[in-house]
Every structure is written in C-alpha cells, then in structure tokens.
Amino acid sequence: MNAKIIGTGWQLPAYEADNDYLATIVETSDEWIRERTGIGKRHLVREETTTSLAAGAAKKALENSGLRAEEIDLVMVATITSDTDTPSTACRVQGELGALNAVAFDINAACAGFLYGLHIADAFIRSGIYRNVLLIGAETLSKLLDWTDRSTCVLFGDGAGAAVLTASEKGGLIARTVGSNGGKWEVLSCMGRPNQNPVCKSSASAGYLRMDGQEVFKFAVKTVPACIEKTLQDAKLSAEEITYYLLHQANKRIIQSVAKRLKQSEEKFPMNIEQCANTSAASLPILLAQMNEQGRLHPGDKLVLSGFGAGLTWGACILEW
Ligand code: ACO
C-alpha cells in the first residue's frame, strides 16, 4: 500500500508585515529583500499560536479529505516552535480536533520537517501499522528571531499547512530520499533555554536563530538538486516527467538555481515566497494546499517535494497525485 494525500489545508496569521514595514525596524529596504530573496511580505502572529494555526490547517485538510477526526490513526506536527516544551503540539492539536483514536507526536527537523513527516507516514502506511495519517507543518518562527538582526529577521514568516494521507493501492508516494548532517549543526541553530539547576547555573541566555546565510545557500544549491536527481533515479523517472517541483520556500534564487541545474523551466517550480516568506516546516504543505485549492493538481500528476534546513537536514520525495 502506498501513502496517498487525499486532503490538504493551510492557515496563515491575519497580520501581514510587508518589507517597507520591516524597513522601519531594521536598516533594510524592499529592494534589497526582493532582489536577494524574492520575499515581499510575511504573515506574523498576534493572537494566533503554533497550535491554533496547526489546528486551523488540520481542520481544513480533514474536511477536504472527507475523513472524520476519529478515523485518524496518527497525528504528526513538524515544528521547531511548539508553544509548549511538553506536551507536543501534535497532542494539543489531537485534543482540539477530537482525533482521540490516534497516536500523536512532533517532528523536529526544521525546514525539512514536512519531508521527514512524509517519510514516517509512508513507512507506517506501507508496513500496515496505520491507515490514516494527519501530517501538519506549523511554525511561529517570529518568536525565535532577533528583530534587531536584519540578516535573519527579514527572511521568515509564520503559518501552517496540513495533509491527510491514506493507504492506497495506486499512486501516492513512490520514491523518497532523506538525509542529515549533524556535523554542520552550527551553520543554522537556535539555542534552547539555559540550565539553571543548582549545580550548573549556566550564564547563557535563551537563544535567537543564528545563521550563516551563505553556507546555507551553498548547501541548498548543491544538496537539493542532488537529492532530487537520486529520487528521480529511484523512481525511474526523468526530470521532464515531473509536472511540478515544490521546493521549500527559503529563497527565490535557490529555487531558480535548482531549476537551472535540473534543466527545467521555472514555471514548473511554483512559489509563494513573495507572500509568505520562509515558514520553515510549514512552507511545503502551505504551497501544496494552495495549489490544490487553486485546482492546479490533477490525478496522475507527478510532483517532487523537497525541503532542507537546520540540522542540517534535507529530503525529497515523488508523489503521484
Ligand atoms: N537588508 C540590507 N542589507 C542586508 C540585509 C538586509 N536585510 N541582510 C544583510 N545585508 C547586508 C550584509 O550586511 C552585507 O553587507 P556588507 O557587504 O556591507 O557586509 C550584504 O547585505 C550582503 O550580505 P550577504 O549575506 O552576502 O547577502 P547574500 O546575497 O548572501 O544574501 C541571504 C543573504 C538572503 C541570507 C542568503 O545568503 C540566503 O538566502 N541564504 C540561505 C538562507 C536560508 O535559506 N535559510 C533558511 C534555511 S531553512 C531553516 O531551516 C530555517
């Protein structure tokens, strides 16, 4: 049995912050941000939380799938910005949805989190352990950002996307590649809460997201196409046979570089980075759900999904819609 996506949903916070607004906070400009990244604006939470965005996207995905919450066997949330250290966001979403027959846990793999989640869902569905899986990518990255650091605060946004997967004899996920390199964890990181136990008393303070942008850029333009090429090989498909390449929305220039390397037209690489910026684990499922809603996905279409991020982590998969 293959893991097939039968429903999608997305949710963004109501508040939109455009580049001109950010230029009132840090020394930057709409021109610099657009030219270097392709980002025009981002949604930032005011009242919303990672849990509320995740639950909102999940409710829409369930409705779109035609399944009831009680029919879900597994709820996974890919996130690095859970509202609570414990319980997981997945448990809180499970409670909110009433998906009480499911097991629920979070996945921490940064911007590759949704890809890792697809990999896990695929393994559980193939093995016959679970039949119906709700996979969510949800982030409020804005709370990890140093809003005085122009090299990171302009890049990210908040949001959530979700997909319902079920066991299917035909189509669905047909090939996958995932990887990580913990040797490079310092390239992109955010330190957690310091330990204040009586024998440790760390002098460190809670961290903000820190990134060597150029290192991440180089990693992405090298690893992503290689990972996609391997996945195409495993599926015995050529790059031409793919209808759309949905890439993690980190930087327009990274996406253009991958298109060039694969010798494919940029039209096959849909983007929403202009409106959403980088929403980490939420970026792929938001893009997928928006395309589904717009009626751009048709039965038989072959889609490549690929994500990469802190860890370092990366992955690609091929789905037959
Ligand atoms: N506005 C204006 N100037 C800026 C800004 C800004 N927001 N940010 C940096 N600059 C300046 C720098 O200070 C530097 O100035 P200098 O030359 O006087 O020193 C200049 O612009 C050039 O900076 P670079 O870092 O060389 O710019 P670059 O072209 O590399 O673009 C960027 C930076 C956009 C961060 C790029 O490296 C990138 O996109 N990297 C990948 C990042 C990424 O994908 N991260 C997410 C990974 S996913 C995850 O898991 C979270």
Side-chain angles (χ1 to χ4, degrees), residues 17-42 50 78-81 107-117 137-159 178-182 184-191 207-225 227 246-258 269 271-274 276-287 305-316:
D18 65 14
N19 294 340
D20 288 332
Y21 171 69
L22 289 202
T24 66
I25 299 173
V26 287
E27 202 181 326
T28 190
S29 65
D30 179 54
E31 192 191 355
W32 191 96
I33 302 171
R34 278 184 190 276
E35 198 180 298
R36 303 280 179 131
T37 70
I39 296 166
K41 63 181 183 184
R42 72 285 296 138
T50 299
T79 186
I80 55 168
T81 49
I107 304 165
N108 180 331
C111 306
F114 191 76
L115 238 298
Y116 275 42
E139 301 282 17
T140 49
L141 251 285
S142 60
K143 71 185 169 201
L144 299 189
L145 299 175
D146 174 353
W147 286 94
T148 64
D149 175 12
R150 67 177 181 176
S151 70
T152 52
C153 76
V154 303
L155 302 176
F156 298 94
D158 302 328
V178 285
S180 34
N181 177 5
K184 292 261 185 189
W185 73 269
E186 282 171 306
V187 167
L188 177 50
S189 67
C190 182
M191 300 310 283
Y208 291 111
L209 190 124
R210 296 282 173 228
M211 176 176 74
D212 182 337
Q214 290 189 7
E215 276 301 310
V216 177
F217 195 95
K218 280 190 262 173
F219 149 72
V221 296
K222 197 171 144 216
T223 309
V224 174
C227 177
L246 280 74
L247 266 50
H248 168 48
Q249 305 286 296
N251 186 317
K252 188 178 179 181
R253 289 186 298 145
I254 294 177
I255 298 170
Q256 288 168 330
S257 159
V258 175
F269 290 71
M271 291 188 222
N272 62 9
I273 188 166
E274 212 252 328
C276 302
N278 178 350
T279 55
S280 188
S283 108
L284 276 176
I286 292 174
L287 183 62
L305 270 61
S306 180
F308 57 91
L312 297 168
T313 55
W314 61 89

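Residue numbers count from 1 along this sequence. Just so you know, ligand 1 is whichever comes first in the structure, and atom 1 is the first atom listed for that ligand.
A donor-acceptor contact shorter than 3.5 Å is absent between the side chain of Trp314 and the backbone of Ser306.
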Show the distances, to 0.1 Å, for all pairs joining an N/O atom of ligand 1 and a protein N/O atom that are shorter than 3.5 Å, listing one pair per line.
{"residue": "ligand 1", "atom": "1 (N)", "partner": "Thr28", "partner atom": "OG1", "Å": "2.7"}
{"residue": "ligand 1", "atom": "3 (N)", "partner": "Trp32", "partner atom": "NE1", "Å": "3.4"}
{"residue": "ligand 1", "atom": "7 (N)", "partner": "Thr28", "partner atom": "OG1", "Å": "3.1"}
{"residue": "ligand 1", "atom": "7 (N)", "partner": "Arg150", "partner atom": "O", "Å": "2.9"}
{"residue": "ligand 1", "atom": "13 (O)", "partner": "Arg150", "partner atom": "NH2", "Å": "3.1"}
{"residue": "ligand 1", "atom": "21 (O)", "partner": "Trp32", "partner atom": "NE1", "Å": "3.4"}
{"residue": "ligand 1", "atom": "26 (O)", "partner": "Gln214", "partner atom": "NE2", "Å": "2.5"}
{"residue": "ligand 1", "atom": "27 (O)", "partner": "Arg36", "partner atom": "NH1", "Å": "3.2"}
{"residue": "ligand 1", "atom": "29 (O)", "partner": "Arg36", "partner atom": "NH1", "Å": "2.7"}
{"residue": "ligand 1", "atom": "29 (O)", "partner": "Arg253", "partner atom": "NH2", "Å": "3.3"}
{"residue": "ligand 1", "atom": "37 (O)", "partner": "Gly213", "partner atom": "O", "Å": "3.3"}
{"residue": "ligand 1", "atom": "39 (O)", "partner": "Asn251", "partner atom": "ND2", "Å": "2.6"}
{"residue": "ligand 1", "atom": "40 (N)", "partner": "Gly213", "partner atom": "O", "Å": "2.9"}
{"residue": "ligand 1", "atom": "50 (O)", "partner": "Ala310", "partner atom": "N", "Å": "2.9"}

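Using a 3.5 Å distance cut-off with no hydrogens or angles, the side chains of Asn251 and Thr37 do not pair a donor with an acceptor. In this model, a donor atom of one side chain and an acceptor atom of the other lie less than 3.5 Å apart for Glu139 and Ser280. In this structure, a donor-acceptor pair under 3.5 Å is absent between the side chains of Ser180 and Thr313.
Glu186 pairs by the salt bridge (charged side-chain N to carboxylate O under 4.0 Å, His left out) definition with nothing, not counting sequence neighbours.
At a threshold of 4.0 Å, the pair Arg210-Asp149 counts as salt-bridged, since one of the basic side-chain nitrogens sits closer than that to a carboxylate oxygen.
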